[in-house]
Amino acid sequence: MKIAVIYWSGTGNTEAMANAVLEGAKDAGADAQLFTCSDFNLGTADSFDGFALGCPAMGAEELEDSEFLPLYNDLKSSLAGKKVALFGSYGWGGGEWMKLWEADCFTGAPVKACESVISEEAPSDDVLAQCKELGAAVSK
């Protein structure tokens, strides 16, 4: 399995989660690669078997709109039939942004690899372990 772990992080919390997802995917035997939004080439999307997408909550429980949201919107058509998992962090509210993102992402044809992982502020050891499990789930 070839897996893309794509994330945006403003404080480093979602980046820490992305690194744990990558580790879990590699431990499961996947050819996993880590990308920031600006590093991912949409032209290569079809070469991946699965995607782990990470974005924190911004503003009023929204996805980051200058880099992540445009990439995500362009990537959605490439997710059909592929395993996808979502992760991210938040600093306020109750994680509503993830529920909205899941509803948008999994209404189409992606295969939901596992439950999403969210972290309030910096990820705990437990959350990082969940991120590793998420990486493994996308890789199977």
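- Scanning all heavy atoms of the two residues, the minimum distance from K82 to F51 falls at CD-CE1, 3.8 Å.
- Remark: D104 pairs with Y72, K76 by the side-chain hydrogen bond (donor to acceptor under 3.5 Å, both in side chains) rule, at least two apart or across chains.
- Nearest heavy atoms, M17 versus V117: CE-O, 3.7 Å.
- V84 and F87 are assigned to two separate hydrophobic clusters, defined by single-linkage of ILVMFWY side chains at heavy-atom distances under 4.5 Å.
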**Message:** Working note: S124 + D126, criterion side-chain hydrogen bond (donor to acceptor under 3.5 Å, both in side chains); need CA distance, chi angles, decisive distance, verdict.
**Reply:** CA-CA 5 Å; S124 65; D126 182 54; 5.0 Å; no
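- Residues V21 and A52 approach most closely at CG1-CB, 3.6 Å, considering heavy atoms.
- For the residue pair S119 and P123, the shortest heavy atom distance occurs at OG-CA, 3.1 Å.
- Relative orientation of the F48 and F40 rings is tilted, given thresholds of 30° and 60° on the angle between their planes.
- For K26, the NZ atom sits in a loose shell: 12 or fewer heavy atoms of surrounding residues, nucleotides or ligands are nearer than 6.0 Å.
- Considering only residues two or more places apart in sequence or on other chains, D39 meets the side-chain hydrogen bond (donor to acceptor under 3.5 Å, both in side chains) condition with T36.
- Using cut-offs of 30° and 60° on the angle between ring planes, the pair Y90 and W97 is tilted.
- Linking ILVMFWY residues whenever their side-chain heavy atoms come closer than 4.5 Å, directly or via other members, places L42 and L53 in the same cluster.
- Counting only distance, with no hydrogens or angles, the side chain of E61 and the backbone of E96 share a donor-acceptor pair below 3.5 Å.
- Under the 4.5 Å side-chain criterion, counting only non-hydrogen atoms from C-beta, N13 is not in contact with P56.
- Put simply, the side chain of E64 gets close to the backbone of S66: a donor and an acceptor are under 3.5 Å apart.
- Here the straight-line distance linking atom CD of E133 with atom CG of D27 works out to 12.0 Å at 0.5 Å rounding.
- For CD of E115, the number of neighbouring non-hydrogen atoms (other residues, nucleotides, ligands) closer than 6.0 Å is 12 at most.
- Note: C105 SG to L79 CG = 5.5 Å, rounded to the nearest 0.5 Å.
- In the hydrophobic cluster analysis, where Ile, Leu, Val, Met, Phe, Trp and Tyr join through side-chain heavy atoms closer than 4.5 angstrom, F106 is grouped apart from V138.
- A distance-only check finds no donor-acceptor pair linking the side chain of T14 to the backbone of S9 [under 3.5 Å].
- Contact record, M1 with K140: CE-O, 4.1 Å, taken as the closest heavy-atom pair.
- Nearest approach of C37 to L71, heavy atoms of both residues: CA-CD2, 3.8 Å.
- Aromatic ring centres of F68 and W101: separated by under 6.0 Å.
- With W92 contributing its side chain and G59 its backbone, the two residues share a donor-acceptor pair below 3.5 Å.
- Of the possible donor and acceptor atoms, none in the side chain of K83 sits under 3.5 Å from a partner among the backbone N and O of S139.
- Atoms OG and CD1, from S38 and I6 in turn, are 11.5 Å apart once rounded to the nearest 0.5 Å.
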**Item:** Trace of the side-chain contact (heavy atoms from CB on, under 4.5 Å) decision for L86 with E102
**Value:** CA-CA 8 Å; L86 309 178; E102 287 173 333; 3.9 Å; yes
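- Transitive grouping of hydrophobic side chains (ILVMFWY, heavy atoms separated by less than 4.5 Å) brings L63 and I118 into a common cluster.
- More than 12 heavy atoms of other shown residues, nucleotides or ligands fall within 6.0 angstrom of atom CG in N41.
- Side chains of S89 and E121: no donor on one and acceptor on the other come within 3.5 Å.
- Hydrophobic cluster membership is shared by V127 and L34, with clusters built from Ile, Leu, Val, Met, Phe, Trp and Tyr side chains linked at under 4.5 angstrom.
- Between the side chains of N19 and E23, not a single donor N or O lies within less than 3.5 Å of an accepting N or O.
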